[in-house]
Amino acid sequence: MTREAALEIGKWLEARGRLHHPIASLTIGDLEAMASNAISRWIVLQSQRLHRQDWPPDDPIVTLLLG
């Protein structure tokens, strides 16, 4: 999951542009956007995995991720 999160952060940074700026120039909004993208990607991957494994629909984890 860490690798997927890192890939999403990289995609966001590339789409944002200004890659020549140092990381210190990132705002709290930038960091929150990176975190949000990484978390969203993790949820999608976990949801797909649970779906492939045929987890019971009434399982609390499935309800949390897919609800």
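Below, each value reflects all heavy atoms present in this structure, side chains not excepted, and no hydrogens, waters or symmetry copies. Just so it is clear, the model here is predicted, and its values are computed rather than measured.
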**Student:** For E32, is there any backbone N or O sitting under 3.5 Å from a side-chain donor or acceptor partner on S36?
**Tutor:** no
**Student:** Taking side chain as C-beta onward, heavy atoms only, is L13 less than 4.5 Å from M34?
**Tutor:**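 They are in side-chain contact.
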**Student:** Using modelled atom types and a 3.5 Å cut-off, is there a donor and acceptor pairing between side-chain atoms of S47 and backbone atoms of I43?
**Tutor:**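 Here the side-chain-to-backbone pair exists.
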**Student:** Check whether any side-chain heavy atom of K11 lies under 4.5 Å from a side-chain heavy atom of N37, and answer yes or no.
**Tutor:** no
**Student:** Is L50 reachable from V44 through a run of I, L, V, M, F, W or Y residues, each pair having side-chain heavy atoms under 4.5 Å apart?
**Tutor:**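 Different hydrophobic clusters.
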